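Below, chains carry the letters A, B, ... as their sequence lines are ordered, and counting in each starts from 1. Predicted model, so just to flag it, every value in this text is computed and none were measured. Values below: every heavy atom of this structure, side chains too, minus hydrogens, waters and symmetry copies.
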Amino acid sequence: MTKKYLITSALPYVNGELHLGHLIGCYLPSDVYARFCRAMGRDVLYVCGADEHGTTAVVGAAKENLPIIDYNNKYYEKHLRAMHDFNLSFDLYGRTHTEKQEKLIHELFSRLDEQGLIEERETIQPFSVDDNMFLADRQLVGTCPKCGFDGARGDQCDKCSATYEATELLNPRSTISGSDRIEMRPTKNLFFLASKMENIWREWLAEHAPKWSKTASAIARGWANEGLRDTSITRDLSWGIPVNKPGYENKVFYVWFDAPWGYVSISHAANENWAQWWHGGDNVHYAQFMGKDNVKFHAVFFPEQQLAMNDNWKTVDMLKAMNFLNFEGGKFSKSQKRGIFLDSAIEEAPADAWRYALLASAPETDDTDFTIARFADIVNKDLNGMLGNFVSRVCKLTAKNFGTNVPAAGKWDTELESQINEKLSELTSALDACEFRNAIAALRGLYAIGNEYMTKMEPWALVKNGDMAGAGDALNKCFQLIDLYARVSAPFIPGTAEKMQNVFVTQNDLSWPEKFVARIADGAEFVVPENLFNRIDDETVAKLTEKYTPKVEDNSPKLVVAEIVAVKDHPSRDDLHILSVNAGSAPVQVVCGAPNVRVGLRGVLAPVGCRLPGAKKPMAQRTVAGVESFGMMCSAAEVGQGDNANEIIELGADAAIGAEYKSN
RNA sequence: GGGUUAGUAGCUCAGUUGGUUAGAGCGGAGCGCUCAUAACGCUUUGGUCGUGGGUUCAAGUCCUACCUAACCCA
């Protein structure tokens with residue numbers, strides 16, 4: 001029986017804006033692996049899809065004033081287009097708001113219930129009277145009880161990073177309606193008793209995690225040190241999979257009980273024999289691909305549920321977790337206009353160029369910075385120079401001297417053969433191990449051999465010397481290499497592989513080669529192809545870098561060390577003082593309410609235009625109770641250090657006035 | 001605040017269980033070739049391995065503290 005391969009790629013939120021980081025984070029590696037497996041003749045089921053549930057969809061739809069279904073359709077179409085543009089070969093790119101998914105989740109829930117692993121518990125949750133619903137943590141904002149920052153979330157302050165219970169938040173408001181009529185009400189939720197699964201899960205983890213990628217097993221090991229916690233798998237939301245239990249009509253299942261099983265329901269939609277993979281035991285190899293932020297769910301939450309079903313579900317064999325890709329020194333950000341999102345990427349360069357360059361830069365061991373300059377280097381050197389140019393020089397030289405039929409082969413070159421086979425076996429094992437950088441290195445090594453061979457054999461010189469048999473033989477070998485390159489490149493750059501395949505009029509398949517063999521017959525007809533790739537010139541690099549990197553990075557004033565040179569009382573407010581502050585140049589006037597102001601104190605001044613950590617807007621010149629203030633003396637909390645929001649920072653007398661103050 | 005990971009040549013990264021002169025690709029410099037897309041091949045130049053302690057005959061590799069970054073959790 002052929003071994004079956006189950007391959008899944010993390011399900012993105014339906015409204016997620018997909019960028020190059022997502023592409024290399026899971027879609028591309030999983031696609032390369034799936035294509036490789038298929039080329040090896042393995043029986044592959046490869047699925048992905050959109051996660052349509054959860055609060056992000058609700059909030060997003062409300063923002064665009066669309067019914068959730070329409071909103072999801074809109075973004076789902078965008079995803080489909082991107083997946084198509086980049087040649088991702090899913091058996092199905094599905095979605096989770098389906099009948100199949102609902103039916104499955106209901107069955108699974110009942111199953112858990114039967115196993116005695118579901119318990120009803122009562123908790124106190126914020127309830128918005130005007131919205132007539134319970135609010136999740138991120139749907140609640142208010143004033144931070146620690147630092148007084150207004151705009152803190154239900155469970156955490158973005159400014160001082162303090163955490164607290166939702167009940168402690170001051171002036172709580174709903175992000176949905178803005179209403180401040182929030183009551184703390186008791187509500188019942190269903191808990192999955194994961195703690196009962198702890199031993200089974202630990203045993204499972206010990207057996208499986210060592211085979212995973214380093215990033216994945218390290219994160220999972222961290223979790224093994226803590227116990228498993230019982231988790232609520234229901235939420236007070238109107239959007240999601242409804243809970244199939246009386247008394248829970250107004251609730252839905254938590255996305256992390258819902259989403260991972262989307263792999264199963266999408267498999268079901270993709271292939272009616274889905275169960276052969278999902279219940280196939282040791283005859284199935286299951287590989288999951290995801291970003292590092294998703295490891296917890298795939299190493300803990302999903303498997304503990306699968307094991308709890310006690311129903312022989314196939315659990316992950318290879319958990320491949322990627323780190324994050326940064327762009328030009330920072331995170332991808334739509335709002336900051338940093339980074340290339342998939343819809344624009346495909347307009348700037350062909351899919352295969354992105355695919356190859358990203359795989360060559362895959363963030364496998366740590367976050368990796370990706371730049372346009374690097375992208376151009378890789379495309380120009382590897383794809384254009386080594387691969388594209390090789391195909392071109394071989395075809396053109398042959399056409400000129402022999403016509404468009406592959407010249408006759410002479411003696412088989414065993415040295416060339418062993419060189420190729422060595423790299424080929426490196427490439428095959430790298431792919432089997434899901435090590436993509438290593439795979440690209442080996443692939444590149446194969447491309448290099450062709451060019452080295454040309455230099456060594458000098459067929460153009462042989463032609464000049466009248467040794468047509470010798471030249472023809474060398475070129476014949478090169479055509480065998482082109483055939484090989486088409487096969488080994490196919491998982492990485494499928495479009496280009498097809499072009500290479502099309503060099504030959506009688507086409508061979510693109511199955512994965514075990515060894516370097518001559519498949520191209522003497523006299524086989526070929527066509528000289530168009531150039532496989534185009535060079536990306538320096539001008540384009542500069543243009544693209546500028547286009548996708550935020551303008552004028554951050555030339556706003558920095559926090560500076562400043563000394564208070566004078567303190568006056570505020571004319572109308574007892575709690576405020578008017579300071580004269582020396583930050584190295586002319587003294588500036590600052591209004592300050594801190595109790596510890598005094599002449600001679602050296603502290604931290606945030607000048608006008610300075611961006612404080614967590615602040616949305618730069619520091620503005622303001623009038624405080626009728627007195628102009630040109631900036632602010634900062635407390636520790638205001639610069640993101642600790643929670644003292646009351647007193648301003650006091651530096652020692654050795655702090656250099658006017659020097660930049662580093663807040664972190 | 002806790003857990004985990006990472007900090008190695010200008011850039012992006014390798015460096016198995018500690019063991020002789022720390023590797024690769026790109027970039028830079030030089031040479032060769034002219035079949036080819038200003039492409040290809042060869043040679044070469046770059047590093048007190050984040051910082052400070054410590055263990056050891058021996059540390060990029062182990063321990064500890066600190067700094068920086070990222071992810072998850074609280």
Practice item. Report yes if a donor N or O on one partner sits less than 3.5 Å from an acceptor N or O on the other, where the partners are the side chain of A/Asn384 and the base of B/rU37; otherwise report no. Key: yes
Exercise for review: Quote, to the nearest angstrom, the P distance that separates B/rA9 from B/rG1.
Suggested key: 30 Å
Review point. So what does A/Asn531 hit on the nucleic acid, given a heavy-atom distance under 4.0 Å: a base, only sugar-phosphate, or nothing?
Key: base
Check your understanding: Between A/Arg374 and A/Asp369, is a salt bridge (Lys or Arg N to Asp or Glu O under 4.0 Å) present by the stated rule, with each step listed?
Key -> CA-CA 9 Å; A/Arg374 177 178 166 79; A/Asp369 193 36; over 6 Å; no
Exercise for review: For A/Leu532, report the nucleic acid contact type (base, sugar-phosphate, nothing); a contact means any heavy atom under 4.0 Å.
Suggested key: base
Revision key, fill the gap. RNA chain B nearest-nucleotide lookup for A/Glu452 and A/Ser361: closer to the 5′ end is A/Ser361
Check your understanding: Hey, does A/Phe533 reach any base, or is it just sugar-phosphate, or nothing, if we go heavy atoms under 4.0 Å?
Key -> base
**Study point:** Interatomic distance where CZ belongs to A/Phe324 and C1' belongs to B/rC71 [whole Å]
**Key:** 6 Å
Review point. Is A/Lys196 paired with A/Asp230 through a side-chain N to carboxylate O contact shorter than 4.0 Å?
Key: no
Point to revise | A/Glu364/A/Lys214 ion pair, N-O < 4.0 Å | key: no
Point to revise | Torsion-based syn/anti label for B/rG46, 90° from 0 as limit | key: syn
Revision key, fill the gap. In short, A/Met318 meets A/Lys211 closest at the heavy-atom pair CE-O, 3.7 Å
Practice item. Verify the distance criterion only: is there a donor paired with an acceptor across the side chains of A/Tyr263 and A/His298 at less than 3.5 Å? Key: yes
Point to revise | Interatomic distance, A/Met468 CE vs B/rC35 C1' [rounded to whole Å] | key: 13 Å
Point to revise | Any side-chain donor near an acceptor of the partner, A/Asn189 and A/Arg235, under 3.5 Å | key: no
Exercise for review: Rounded to whole angstrom, note down the C1' distance from B/rU21 over to B/rC26.
Suggested key: 25 Å
Using a cutoff of under 3.5 Å, can you pull out all pairs of nitrogen or oxygen atoms linking the protein to nucleotides 31-34 of chain B, with atom names and distances?
none

Review point. Taking the same atom, P, in B/rC13 and in B/rC31, what whole-Å distance lies between them?
Key: 33 Å
Point to revise | Rounded distance (Å) that lies between atom C1' of B/rA24 and atom CD1 of A/Ile378 | key: 14 Å
Review point. Base, sugar-phosphate, or nothing: which does A/Asn389 touch, judged by heavy atoms less than 4.0 Å apart?
Key: base
Exercise for review: Please report the shortest heavy-atom distance between A/Phe192 and A/Ile233, naming the atom on each side.
Suggested key: CB-CG2, 3.8 Å
Name every donor-acceptor pair, under 3.5 Å, that has one atom in a side chain of residues 471-484 of chain A and the other anywhere in the protein, sequence neighbours excluded.
| unit_1 | atom_1 | unit_2 | atom_2 | d |
| --- | --- | --- | --- | --- |
| A/Asp473 | OD1 | A/Gly410 | N | 2.7 |
| A/Asp473 | OD1 | A/Lys477 | NZ | 2.3 |
| A/Asn476 | OD1 | A/Gln480 | NE2 | 3.1 |
| A/Asn476 | ND2 | A/Pro407 | O | 2.8 |
| A/Asn476 | ND2 | A/Asp522 | OD1 | 3.3 |
| A/Lys477 | NZ | A/Lys411 | O | 3.0 |
| A/Gln480 | OE1 | A/Arg519 | N | 3.0 |
| A/Gln480 | OE1 | A/Ile520 | N | 3.0 |
| A/Gln480 | NE2 | A/Ile520 | O | 2.9 |
| A/Asp483 | OD1 | A/Arg519 | NH2 | 2.9 |
| A/Asp483 | OD2 | A/Arg519 | NE | 2.9 |

Revision key, fill the gap. Which of B/rU5, B/rA39, B/rC71 is nearest the side chain of A/Lys292? It is B/rC71
Point to revise | More than 12 heavy atoms of other groups within 6.0 Å of A/Glu198 CD | key: yes
Study note, to complete from the structure: Among the nucleotides B/rU4, B/rC35, B/rU37, whichever has the atom closest to the side chain of A/Leu397 is B/rC35
Check your understanding: Crowded around A/Arg202 CZ? As in, over 12 foreign heavy atoms under 6.0 Å?
Key -> yes
Check your understanding: When rounded to the nearest 0.5 angstrom, what distance separates CZ in A/Phe301 from CH2 in A/Trp256?
Key -> 9.0 Å
Study note, to complete from the structure: Of the listed B/rU37, B/rA70, B/rA6, the closest approach to the A/Lys396 side chain comes from B/rU37
Check your understanding: So, is A/Arg374 near the phosphate of B/rC26, with a side-chain N or O under 4.0 Å from OP1 or OP2?
Key -> no
Exercise for review: Please figure out whether A/Asn380 or A/Lys296 has its closest RNA chain B nucleotide nearer the 5' end.
Suggested key: A/Asn380
Review point. Closer than 4.0 Å, any side-chain N/O of A/Lys381 to the OP1 or OP2 of B/rU37?
Key: no
Check your understanding: Taking the six-membered ring of A/Phe324, is the NZ or CZ of A/Lys292 close enough (under 6.0 Å from the centre) and on axis enough (within 45°)?
Key -> yes
Exercise for review: Please report, rounded to the nearest Å, how far the P atom of B/rA36 is from the CZ atom of A/Phe390.
Suggested key: 15 Å
Check your understanding: Does CD in A/Glu458 sit with more than 12 non-hydrogen atoms of other residues, nucleotides or ligands closer than 6.0 Å?
Key -> yes
Practice item. Whole angstrom is fine here: how far is it from NZ in A/Lys456 over to P in B/rC42? Key: 12 Å
Check your understanding: Taking the side chain of A/Ser392 as its heavy atoms from C-beta onward, which of B/rC35, B/rC40, B/rA36 lies nearest to it?
Key -> B/rA36
Study note, to complete from the structure: Of the candidates B/rC72, B/rA74, B/rA70, the side chain of A/Arg229 sits closest to B/rA74
Revision key, fill the gap. Residues passing the side chain to side chain contact (heavy atoms under 4.5 Å, CB included) test with A/Pro491, sequence neighbours excluded, are A/Val32, A/Arg35, A/Phe36, A/Trp512
Exercise for review: Measure from CZ on A/Arg437 to P on B/rG23 and round the result to the nearest Å.
Suggested key: 20 Å
**Study point:** Gap between atoms CZ and C1', on A/Phe327 and B/rU12 respectively (whole Å)
**Key:** 15 Å
Review point. What nucleic acid atoms does A/Lys214 come within less than 4.0 Å of, heavy atoms only: base, sugar-phosphate, or nothing?
Key: sugar-phosphate
Exercise for review: Pick base, sugar-phosphate or nothing for A/Gly388, based on heavy-atom distances below 4.0 Å to the nucleic acid.
Suggested key: base
Review point. Base, sugar-phosphate, or nothing for A/Asp293, non-hydrogen atoms under 4.0 angstrom?
Key: sugar-phosphate
Review point. Can you tell me which stems RNA chain B forms when a stem means 3 or more consecutive Watson-Crick or G-U pairs under 3.5 Å?
Key: B:1-7 with B:67-73, B:10-13 with B:23-26, B:28-32 with B:40-44, B:50-54 with B:62-66
Review point. Contacts to RNA chain B from residues 438-447 of chain A, heavy-atom cutoff under 4.0 Å, which residues?
Key: A/Arg444
Check your understanding: Nearest of B/rC35, B/rC71, B/rC40 to any side-chain atom of A/Lys400?
Key -> B/rC35
Check your understanding: Expressed in whole Å, how much space separates the C1' atoms belonging to B/rG60 and B/rG23?
Key -> 12 Å
Point to revise | Side-chain N or O of A/Thr368 closer than 4.0 Å to phosphate OP1/OP2 of B/rC13 | key: yes
Check your understanding: side-chain hydrogen bond (donor to acceptor under 3.5 Å, both in side chains): which pairs involve residues 528-543 of chain A, sequence neighbours left out?
Key -> A/Asp537-A/Thr540
Review point. Using the P atom in both, what is the distance from B/rG52 to B/rU61, to the nearest Å?
Key: 13 Å
Review point. Where the side chain of A/Trp223 is defined as all heavy atoms beyond and including C-beta, which of B/rU5, B/rC40, B/rC72 is the nearest nucleotide?
Key: B/rC72
Exercise for review: Whole angstrom is fine here: how far is it from CG in A/Leu325 over to P in B/rU12?
Suggested key: 12 Å
